[in-house]
Amino acid sequence: LGQTVPLDLMLVDEEGERVVLRSLLDKPTILTLNFFRCTGLCTPLLNGISEMLQRTDQIPCKDFQVLTVSFDPRDDAELASTKKQNYLKQLGPLFNKNAWRFLTGDPISTKRLADAVGFRFAKRGEDYVHAGAIMVLSPEGKVTRYLYGVTFLPFDVKMAVAEAQAGRTGPTIARFRTFCYS
């Protein structure tokens, strides 16, 4: 906790536009590191975020945002766009499409981001071994909280967002960590 993400990272958004991470961090941010072709943990984790977004009393895009970054160099903007559209359908027409961004990047940039937030992954065949977790970032890019698992209670996220807004780090609730592996 307390480390800062490299704000100079260049990523590619779901529209194929190059964006600097610094330009995206203007409010508390839930960061997920996934790979879009995952057949294991990533989809349940993203579904858990979608469920939390539907149940929260906070306003996504105003109170906080979600950034999902793929660490698989095979994933591209087209696949990020498809993934985003699938989740926007689940969330409904009133959900602000800018509240949840799907990004890709070159392997060096995404590894720098993963290392900065303490997220480890390892390639195994066509898949990756990795934990199920989200990181909560302050608007300055400081990691303020980790939430493990694939389901997230709106109250836990609300408290984590409040801590991130204030720039305070909070204790991570000890939970059994879920891993994806073949």
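As the structure is a prediction and not an experimental result, all values here were calculated from the model.
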Enquirer: Atom OG1 in Thr56, atom CD1 in Ile49: separation rounded to 0.5 Å?
Expert: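 Rounded to the nearest 0.5 Å, the OG1-CD1 separation comes to 12.5 Å.
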
Enquirer: Checking side chain to side chain donor-acceptor pair (under 3.5 Å) against Asp13, which of Arg18, Arg101, Lys84 comes through?
Expert: Arg101

Enquirer: First locate atom OG1 of Thr32, then atom CG of Leu67, and finally report the distance between them rounded to the nearest 0.5 Å.
Expert: 8.0 Å

Enquirer: Indicate the atoms forming the closest heavy-atom contact of Phe36 with Thr68, along with that distance.
Expert: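 In terms of heavy atoms, the two residues are closest at CE2-CG2, 3.8 Å.
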
Enquirer: Linking I/L/V/M/F/W/Y whenever their side-chain heavy atoms sit closer than 4.5 Å, directly or via other members, would Met135 and Leu7 fall into one cluster?
Expert: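 In one cluster with Met135: Leu7, yes.
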
Enquirer: Restricting to non-hydrogen atoms, name the atom on Ala114 and the atom on Leu33 that form the minimum distance, rounded to 0.1 Å.
Expert: CA-CD1, 3.7 Å

Enquirer: Passes side chain to side chain contact (heavy atoms under 4.5 Å, CB included), Glu163 versus Thr169? Steps please.
Expert: CA-CA 6 Å; Glu163 291 166 350; Thr169 58; over 6 Å; no

Enquirer: Look up atom CG in Leu91 and atom NZ in Lys89, then write down how far apart they are to the nearest 0.5 Å.
Expert: 12.5 Å

Enquirer: So Lys83 and Asp75, do their side chains get closer than 4.5 Å, heavy atoms only?
Expert: no

Enquirer: Strictly below 4.0 Å, N to O, side chains only: are Asp8 and Arg112 in salt-bridge contact?
Expert: yes

Enquirer: Parallel, tilted or perpendicular: which describes the rings of Tyr146 and Tyr148, with under 30° parallel and over 60° perpendicular?
Expert: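 Ring orientation of Tyr146 relative to Tyr148: parallel.
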
Enquirer: Decide yes or no on side chain to side chain contact (heavy atoms under 4.5 Å, CB included) for Leu21 and Leu103, but give the supporting numbers first.
Expert: CA-CA 10 Å; Leu21 185 57; Leu103 304 139; 5.8 Å; no

Enquirer: Could you give the distance from CD1 (Ile108) to CG (Leu113), rounded to the nearest 0.5 Å?
Expert: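 So the gap between those two atoms works out to 14.0 Å.
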
Enquirer: Could you tell me the separation between the OG1 atom of Thr151 and the CE atom of Met52, rounded to the nearest 0.5 Å?
Expert: 11.0 Å

Enquirer: Hey, can you tell me if Tyr128 and Phe35 have their rings parallel, tilted or perpendicular (30° and 60° cut-offs)?
Expert: perpendicular

Enquirer: Tell me, do Pro60 and Phe95 make a side-chain contact under 4.5 Å, heavy atoms counted?
Expert: yes

Enquirer: Any side-chain heavy-atom pair from Arg120 and Asp115 closer than 4.5 angstrom?
Expert: yes

Enquirer: For Leu45 and Ile134: C-alpha separation, side-chain torsions, deciding distance, then whether side chain to side chain contact (heavy atoms under 4.5 Å, CB included) applies.
Expert: CA-CA 9 Å; Leu45 184 140; Ile134 60 175; 4.2 Å; yes

Enquirer: To the nearest 0.5 Å, tell me how far Lys27 NZ sits from Cys61 SG.
Expert: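 Lys27 NZ to Cys61 SG: 5.0 Å, rounded to 0.5 Å.
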
Enquirer: Could you report the tightest heavy-atom contact between Thr43 and Cys38, atom names first, then the distance?
Expert: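 Looks like OG1-O, 3.9 Å.
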
Enquirer: Would you please name every residue forming a side chain to side chain donor-acceptor pair (under 3.5 Å) with Glu51, sequence neighbours left out?
Expert: none

Enquirer: Under the side chain to side chain contact (heavy atoms under 4.5 Å, CB included) criterion, do Leu25 and Val5 qualify, and how do the steps go?
Expert: CA-CA 10 Å; Leu25 296 179; Val5 298; 4.0 Å; yes

Enquirer: For atom NZ of Lys123, is the number of surrounding heavy atoms from other residues, nucleotides or ligands below 6.0 Å larger than 12?
Expert: yes

Enquirer: So which heavy atom on Gln165 is nearest to which on Pro28, and how close?
Expert: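 Smallest heavy-atom distance, with atoms named: OE1-CD, 3.0 Å.
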
Enquirer: Determine yes or no for a side-chain-to-main-chain donor-acceptor pair under 3.5 angstrom, with Lys158 supplying the side chain and Gln58 the backbone.
Expert: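 Here the side-chain-to-backbone pair does not exist.
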
Enquirer: Which of parallel (below 30°), tilted (30 to 60°) and perpendicular (above 60°) describes Tyr87 and Phe102?
Expert: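 Ring orientation of Tyr87 relative to Phe102: parallel.
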
Enquirer: Kindly say whether Leu31 contributes a backbone atom to a donor-acceptor pair with the side chain of Thr29 at under 3.5 angstrom?
Expert: no

Enquirer: Evaluate whether atom CD of Glu78 has more than 12 neighbouring non-hydrogen atoms of other residues, nucleotides or ligands under 6.0 angstrom away.
Expert: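 At most 12 heavy atoms, drawn from other residues, nucleotides or ligands, come within 6.0 Å of this atom.
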
Enquirer: Should Leu153 and Arg55 count as side-chain neighbours, where that means a heavy-atom distance under 4.5 Å?
Expert: yes

Enquirer: Tell me, do Phe64 and Leu53 make a side-chain contact under 4.5 Å, heavy atoms counted?
Expert: yes

Enquirer: Less than 4.5 Å apart, any side-chain heavy atom of Arg168 and any of Thr144?
Expert: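 The answer is no, as the side chains (C-beta and beyond) never meet within the 4.5 Å cut-off.
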
Enquirer: Would you say that Arg145 contacts Asp156 through its side chain, given a criterion of any heavy-atom pair below 4.5 Å between the two side chains?
Expert: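 No, too far: nothing below the 4.5 Å cut-off.
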
Enquirer: Side chains of Phe152 and Ile30: does their closest heavy-atom pair fall under 4.5 Å?
Expert: no

Enquirer: Decide yes or no on salt bridge (charged side-chain N to carboxylate O under 4.0 Å, His left out) for Arg74 and Glu126, but give the supporting numbers first.
Expert: CA-CA 10 Å; Arg74 298 171 299 175; Glu126 294 298 310; 2.6 Å; yes

Enquirer: Between Gln65 (side chain only) and Leu24 (backbone N and O only), is there a donor and an acceptor less than 3.5 Å apart?
Expert: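 Side chain of Gln65 to backbone of Leu24, a donor-acceptor pair under 3.5 Å: yes, one is there.
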
Enquirer: Can you give me the closest heavy-atom contact between Ala77 and Val12, atom names plus distance?
Expert: CB-CG1, 4.1 Å

Enquirer: List the atom of Val157, the atom of Leu147, and the distance in Å for their closest heavy-atom pair.
Expert: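 Looking at all heavy atoms of both residues, the shortest contact is CG2-CD1, 4.0 Å.
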
